[in-house]
Amino acid sequence: MSQFKSLFKRLEKKRIEGLGGVPPAPFLLSWRPWRLGVLKQEIRIAKTPRTPRLIPSSLFPSTLLNKLFILLIVVLLVPTAVAQETDPGVTLDDVNAIAGKLYCPVCPNETLDSCRTAACAQWREEIRVQLVAGRTEDQIIADFVTRYGERVVDTPLNATLRGLALYTPYALLALVAGVALFTLLRWGRKPSPPAPLPHGEGKQPAQTVQETPSPPLRQHRVGEGLGVRANDDSDDDYRARLERDLRQ
Amino acid sequence: MTDIDFLQDAAPQPERRRPRITPGTVVLLAGIALVALVVAMQLARQTRGPLESGSAPDFSITTYGGQPMALSDLRGQVVVVNFWASWCEPCKEEAPHLEAIWQTYRERGVVVLGIAWSDVEADTRAFIADFNLTYPNAPDIGTRIGDDYLIRAVPETYIIDRDGQVVERLIGSTRVNVTYLSGVIDRLLAG
């Protein structure tokens, strides 16, 4: 009996190991003598040397599947590792960041990152190659301009031309706004009153005119004429003639 | 003369305002003229007709083999200038024909020049090797030659006579074959 018990204990230990260390339901309490054949078979299995499991048997009960899984991981990881060795830190986003600033040689107004032509694919690959070689964005763009002309960029690289291209529209806009503002201010300015007559001479004729029962048009014209001619030397003569005429 | 007449005579005439030219007006006019000039230049450039005839623009190149050449140095020979690129599918169709023309006529005063337009050098060299091209090929640095010849896309082929005049402009690869090119070249050599 004690031999059976020790066998069952070993068997239980093996079963627990086979289940990844999780103890099953109490085993010893459920054993029965008529299960001896089954127990012997289980003991035989337990004594059979087994290959070590890298993956818990709860995930992959078969060791073959384990091996296939490991092989799959290796197959997937090796190219990535190789690519990382050749393209240190160069991603598709890095390439597209530069490609978005360059234009397709054949499609009008289409940047390299969105163009699907073979030419753009080649140029994107060229950008990637230069990034891998350690070139900066400015160096790559400058190289493209040297090789393919200014039309590959949206604005000229020359500082003067670039300034003209970027700021001329704004300068023109500011100029037009300035002229419009100046014109509006001039229109809104009130007309200046007529210059006052020297030595208060202007008051006397104005009073004279007001005393005279003249039509409004005449009164206005007289006053206006006097105001404008205030500095004229012939004012006195003119005024005398005017008063004399009005008295008649 | 009535009393009102002399008053009317005495009334001051409104002064005529002379149109004044202020600095602002000058600047505004200059700005408008500048914009008009730029627009006119762009329009003229866009509406400039293709180079169908007339004197062929001169250019200097350095071939992939390192040999410097200039079109003007080839005066007295018939020159076939072919603009191409490795990413251009029709260029692959016409390349063998151009090589055949070069092999047939190179001893009779005909030069075939390949100008790689907007191409990556490594791919250009691979293309030359793939098609076993032996005629001179060179990159169009800065696409200056293409701009002079108003190239919008490739392939384009120009046939230039012995006097440096453009005789034919072939767009695409349809007519760039041994039969057609031989006909044109024979005519030019005979003339």
Side-chain angles (χ1 to χ4, degrees), chain A residues 103-108 117-127 129-130 144-152 164-165 168-169 171-176 178-183 186 194 214-215 217-218 220-229 232 234 238-239 241-242 244-246 248, chain B residues 1-15 20 22-35 38 45-46 83-92 116-124 126-127 139-148 151-156:
Chain A
Y103 284 82
C104 172
V106 282
C107 310
T117 62
C120 290
Q122 274 192 8
W123 282 19
R124 284 196 298 269
E125 175 62 16
E126 178 68 10
I127 292 170
V129 167
Q130 294 201 20
F144 269 71
V145 169
T146 304
R147 284 200 279 172
Y148 308 122
E150 292 268 358
R151 65 197 171 85
V152 301
L164 275 175
T168 300
L172 284 176
L173 198 66
L175 183 70
V176 168
V179 169
L181 187 68
F182 178 71
T183 308
R186 249 178 56 180
S214 306
L217 175 64
R218 186 168 179 148
H220 172 72
R221 282 196 166 183
V222 168
E224 190 180 57
L226 287 174
V228 170
R229 294 169 62 87
D232 198 338
S234 62
Y238 173 74
R239 197 175 296 125
R241 280 176 61 194
L242 179 65
R244 188 174 64 242
D245 190 63
L246 288 174
Q248 286 175 359
Chain B
M1 179 185 280
T2 61
D3 59 343
I4 195 73
D5 289 338
F6 90 88
L7 283 175
Q8 283 177 343
D9 291 342
Q13 297 294 321
E15 282 186 21
R20 287 193 308 165
T22 60
T25 311
V26 172
V27 172
L28 187 64
L29 289 175
I32 292 171
L34 186 68
V35 171
V38 170
R45 186 181 169 82
Q46 285 176 3
F83 290 90
W84 65 279
S86 63
W87 41 262
C88 152
E89 287 300 320
C91 299
K92 294 173 184 171
W117 184 80
S118 295
D119 207 357
V120 177
E121 184 172 338
D123 298 308
T124 308
F127 185 98
D140 183 5
I141 303 292
T143 62
R144 293 187 193 92
I145 307 170
D147 288 345
D148 287 344
I151 300 296
R152 296 280 180 269
V154 285
E156 275 197 28

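Fair warning: this is a prediction, and the values are worked out from it, not measured in the lab. Throughout, protein chains are lettered first and strands after them, A, B, ... in sequence-line order, and every chain is numbered starting at 1.
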Asks: Among A:Arg151, A:Glu125, A:Glu126, who wins on heavy-atom pairs under 4.5 Å with chain B?
Replies: A:Arg151

Asks: Indicate the atoms forming the closest heavy-atom contact of A:Val106 with B:Trp117, along with that distance.
Replies: CG1-CZ3, 3.9 Å

Asks: Could you tell me which portion of B:Val154 (side chain, backbone, both or neither) has an atom closer than 4.5 angstrom to a non-hydrogen atom of chain A?
Replies: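 It is neither, since no heavy atom gets under 4.5 Å.
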
Asks: Tell me, side chain or backbone of B:Asp119 under 4.5 Å from chain A's heavy atoms, or both, or neither?
Replies: both

Asks: Enter the distance from B:Asp147:CG to A:Glu150:CD here, rounded to the nearest 0.5 Å.
Replies: 11.0 Å

Asks: Ignoring hydrogens, what is the shortest heavy-atom contact between B:Ile141 and A:Thr146? Give both atom names and the distance.
Replies: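 What the structure gives for the nearest pair is CG2-O, 3.5 Å.
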
Asks: Show the nearest heavy-atom pair for residues B:Glu121 and A:Arg147, with the distance to one decimal.
Replies: N-NH1, 4.2 Å

Asks: Quick one: closest heavy-atom pair of A:Pro105 and B:Trp87, and the distance?
Replies: CG-CZ2, 4.4 Å

